Every structure is written in structure tokens, then in C-alpha cells.
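Please read these numbers as outputs of a predicted model, since none were measured by experiment. By convention here, the first residue in the shown sequence is residue 1. The figures here come from the full heavy-atom set of this structure, side chains too, leaving out hydrogens, waters and symmetry mates.
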Amino acid sequence: MLGNDGAGKTTLTEALLYEAGIISRRGRITAKNTVSDYFPVEQEYGYSVFSTVFHVEWNGKKLNIIDCPGSDDFVGAAMTALNVTDTAVLLINGQYGPEVGTQNHFRYTEKLGKPVIFLVNQLDSDKCDFNQVVEQLTDIYGSKVVPVQYPLNEGPDFNALIDVLLMKKYSWKPEGGAPIIEPIPAEEMDKAMAMHKALVEAAAENDETLMEKFFETEELTEDEMRDVFCVCAVKDMGVRRLMEFLGNVVPYVDEMPCVHNTRGEEVKPVTNAPTSLYFFKTANEPHIGGVQYFKVMSGKVREGDDLTNSDRGSKERMAQIFACAGANRIKVDELVAGDIGCTVKLKDVRTGNTLVDKDCDHRFNFVKYPNPKYIRAVRAENEADTEKLVAAIQKMSQEDPTWILEQSKELKQTIVKGQGEFHLRTLKWRLENNEKIKIIFDEPKIPYRETITKAARADYRHKKQSGGAGQFGEVHLIVEPYYDGMPEPTTYKFGNQEFKITNKGSEVIDLEWGGKVVFVNSVVGGAIDARFMPAILKGVMSRMEQGPLTGSYARDVRVIVYDGKMHPVDSNELSFMLAGRHAFSDAFKAAGPKLLEPIYDVEVFVPSDKMGDVMSDLQGRRGMIVGSESEGGYEKLIAKVPLKSLSNYSTALSSITGGRASFIMKFASYELVPTDIQQKLMAEFEASNKDED
């Protein structure tokens, strides 16, 4: 169950559970007593942060439903839910029609090939215009959007609708619940017949067997119309009809394409097969601890079964299994292929793990999460809480894998990444209120890279005498920009001096931060003993790890050591390491050094009336607009933008467009920093490192 914030998913969940008899009274968001949104952080903010798994049984059929948060900041929950379910019910707020959340969620359903049922909610709102909503949906998503029902009286007096599939009028008393089912009034019959015919034709168009039957009889039963994309209008009234409709129309688990295991083999959701369970969600609940949610991918699972974790090798016992009903859980003896359930107190199961019985070796890894869009450095207000902070975030990222924690050796910061400003604000609230750890968010440093643009030469003598054995090492070297496939070094000219190179051995090192360094030994005549070359390389590498310009990692450099001097007593590895480090640093600074910055590919989905504002803002962030195209009623802007300019982009974009736009970003490449920005960054670095050796 998907939809924009405010579409009414949580309220609909309450109504579904109430009508199915799983709860005895409907909760309200304002009363903080709903089956969904039961975590303290959700009650604090008043809307969903986590997905809620529940089930209803109606007319002898069981529906497993996952109610997903509407905010795009919590897209991880929607992506997980779409991967373990077979159909999306996409709620539309009848007052506003399709919104940015509608667009985002529909895009995910297309990517995963899931059928969609649009459900127009809040028909009792003054501002609801059902016909306009249908028109907007048809404009955006095409002729496959066909109404199944239409309201007779939108607004505060809403209490009746015409079902053009069953050709009946449904109406309700003020308390809702069981409908009064009657023939369609004469004055509505022409409109209902025309819509019925359009609906049946749309279904037949997508299935040759149905088309043949349609031409013979001009009728199809509801059960035959599984593949049609529909709009369904309900609020609290019509909930029973919705469950009936879902039971008859949505595909069964075994009618959808099979999931593949990590070896690429199809795994059919059949009961007479070895047992495999995929764990797609973890929740840490007060007084209970870990609650693990799973889908039975094959076979069946019974209470007391002993299973093996395919990912971690550990053994687990399924002491209890439950059918899910949000904050409530219903104990069951077994669950079968295609079903969704939960368990508690497993020892060593993480989100994304697979449990199997002894006859099975499946592993699953089919949920792909979007790249992060909002990054902050995080630290505990009290330094003594640092270890506790890291452990808490790691535990929370099991609940929401789009919270990503990274201990950055390069930036010397603890980095936390998420989907937006509100996403990380939620993390902060939970750390401070649940874990009692006060935290501070800082701007993350930018992972710049340093490189050179021309060849340069330097030498350095390290000499130290302080009683006893001294230190002596002298290194002469050349540096130049390196690229894959460049020719071997032969001759260099600096001023009037020419240097001939004899390659006595070279080493190519792939740097863990990207790029390469190539180290060439060209020392002849024994000026430096071969045993000191590794020490010189170590000195070079220590400077590569902390570049001379700004302390950032350096990359793509060829270093040629061609001469030097030793002392028979005072030369040692430390002396040559220091001489190599300083010679490399001096040569690097003379070789036209340049700073590179990370550039990201950014795609912004924006309403056409805000296109100009968003383009101007991107250009103000040193972004380069690469192109644009229309997609699903929105414009898609494609740009290349420096990471430095994206730190607050999610908040700014929301402000510019009134929350109607969304974006995705992905690392593209490293490019040269403009000269004025490079000089400023170098000055800042030098000022903060005046006392360095």
C-alpha cells in the first residue's frame, strides 16, 4: 500500500483490520492508537516512518498487506515492500490528485514490473473532484487507467458509489461497514453502462483469451479481469468491497514472475519444496527486542523448525511464528510458500538473510536500495558515547538499510547517509529519545583528490646528527601525471639539464581511493641501495595519503627515482622514507598540482511550472544541465553537480517546489576544481597546518 503523505494509508489500514475482525475498534492517528504508526517517533511526528505488515482474511482468501510510509525520505520501506509483494495499491488523496509521492512510487512499480490499482481516498472532502482525478491519472499514465467505481456524491455527504464492474449501487449508513447493495438507478444507467464497457474492453485488450470471450459474450466476470489497471474509490465506506475486489482481481503469488536466487535459479513459491525464508525487515520494539519479518519463498515453516542461515552459517530455531497485524501479532502453527509472517528472538539473523532447511541451499538478494541523497557527519555530544553511538546506528540500519554508517578514515569523520533531511532528523530523534545519546550533525568534509598536470623534479637530503648513529638519506626523483597505457619513461629535460631514465623495475599500485601510482626505480651505479627503495615508496605513499595541497588523497602520478646518496653508517630505512616523502612533496607542488572534486549525476523530477526555478538553482550550484525529458507528467532534469553543492539540496528543492519535486544522485567522476576555489581551499589548509613538519 503506497501513496503520498496524507493519502490516508494508515486510516485505511485501521478500517481494513476492523472490517476483517482482527481489531475490535478503529484507532485514530490523532489519538496515537493505530495499529500502524505505533513507534514513539511516528507518534511524535504524526506520520509513518516504518512500514507496517498486516493481513486480512475475506471471502476465504488471505491478503498480506504492507502499509508503506508516504515520504520519499523513507523510500527504503517502499522498495522492500514492493519486492516481497505482488501488487501495489496506490492511494490518491481525492483533494489533490496525483502528487510527487504518487509519481515516485509509480516509478518504482514500473521498475519492478508490479501491477497497480489506484485507490482514490477522502471522497468526503469538500475539495474532492473525482472526475478531475481520473482525468489527471489518464493524462499521466495513459488509457490503461480505467475506473471500476465512481462516487455519486463527493464531499461531506458522500455515502454512495456506482460499481461499474458488478453494475451495482453501493451505499452506506453514517457508521459505514456493511453496504446496502441495490440496482443502479435509471438516471445513472447510461453512464454506468458506458464505463462498464470501457472497463471490460480494457481488460480484454491485455489478454487474447479474454478478448475472444469478450467478442463472443461482451461480458467478463470480475475473477477473469486480473490484469486490468484500475481506479477504485473508497474511504471508510467501501472497505469490504475493496477486500473482495483485491481477493478476486490481484494476481496470486504463483501467477507473478518467479524470484531468482543468488545463483540465478528460479524459485517457485510452492509448498511441496524445501523450505526457504527471506528476511526483509527487522524492527526493534520496546519490551520485545528484535522482531524479524520474513516471506516464505518455498516450502512451509512450522513452529519449532530448525533452520540454517545461508548467509552467516548459524543455526536458528523458529520457536514461535506469527501472522502479522501491525503492533498485534497472531500466533500460528505454520506458514506456507508465498505467505508473510514474523518471529522473535532469533540469535543471528539480519535484514536480507535467508534461512533454509537441510535440503535447501537458496540465498536471496533481490532488494536493491536507492543511493543516499543527504549526508552528514555525526558525533556524540559527549565523546565517551562515541562507541555507543556507532553501535546504535548500526542496529537502526538493520531496520532501515537506507541509513548508512561509514567511518571515514579519509575525512576523519563518522558519516551517516540517508534519503533526506527528515530521514536523518528521524534518526537523531530516535538516538536522543530512545537511546539517550545527544548527537551533533556537522557538514561532511568533501573527499577531494589531488593530482598533477606536468612533469617536475626535486631532490631532498635528510640529515640528522645527535650523538651516536646519525640519519642520512638523499633522494632525487621526477613526478609526472599518469594515465593507463602511457609509454615507458625515457628522457626528461628540466631547464638545460637532460635526464635519461633506465627502468630497472616498476610497481603499479591501484589506490583504494581510486586512481593509481606508478613507482619506477631508475637508480644506476648503486647510488641508493635497492633495499632502501621500499622505504622511499613508503614515504611517497604517506604523502599520497595526505596530499601536499589540502591533505586530500593524491592519485594518478608516476614517480621515478633516478639518483640519490647514501652514507655507509648513517643511512637507514627511516632516513630514506623521510627523504622520499619530502622530495615527492616538493616535486608535486612544482608539477602544476590540481585539486579534483567529486561530481554527481543528478536527476530531478519536477513539475513543469517549477522547471525554470529548479534549473536556475542548479546553475547557481555550479551544476551543468545535461538534458531534460518528460516522464509521467513530470519533467526530468539531468545535470552534473559538484558534491560540495549538494549538501543541502534535498531541503532546498523541497522549498523551491513546495515539496512537489524529488531527485536521485549517483557518483559520476572526479573533475578539476575551479582555480579560485582551489586557492581558497589551499589557503584554509595551510592556515590549519602551520605547525606541521
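Aromatic pair Phe422/Phe74: centroids less than 6.0 angstrom apart. Aromatic ring centres of Phe605 and Phe663 lie farther apart than the 6.0 Å criterion allows. With ring centers used as reference points, Tyr670 lies 6.0 Å or more from Tyr448.
Sorted by first and then second residue, the side chain to side chain donor-acceptor pair (under 3.5 Å) pairs involving residues 379-397 (not counting sequence neighbours) are Arg379-Asp442.
Sparse packing is recorded around NZ of Lys644, with 12 or fewer heavy atoms of other residues, nucleotides or ligands lying under 6.0 Å away. Within 6.0 Å of NZ on Lys368 lie more than 12 heavy atoms contributed by other residues, nucleotides or ligands.
Of the listed residues (Asp5, Asn93, Asn104), just one forms a side-chain contact (heavy atoms from CB on, under 4.5 Å) with Glu99, and that residue is Asn93.
No cation-pi contact links Lys295 to Tyr278, judged by a cut-off of 6.0 Å to the six-membered ring centre and 45° from its axis. Stacking of Arg555 on the aromatic ring of Tyr553 is not recorded, the 6.0 Å distance cut-off and the 45° axial limit not both being met.
Distance CZ/Arg581 to OG/Ser542: 4.0 Å, rounded to 0.5 Å. Residue His105 holds its NE2 atom at 7.0 Å from SG of Cys68, rounded to the nearest 0.5 Å.
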Exercise for the section: Apply the test ring pair (Phe, Tyr, Trp, His ring centres under 6.0 Å) to residues Tyr649 and Tyr374: give CA-CA distance (whole Å), side-chain angles for both, the deciding distance (0.1 Å), then the verdict. Expected result: CA-CA 8 Å; Tyr649 188 59; Tyr374 194 79; over 10 Å; no
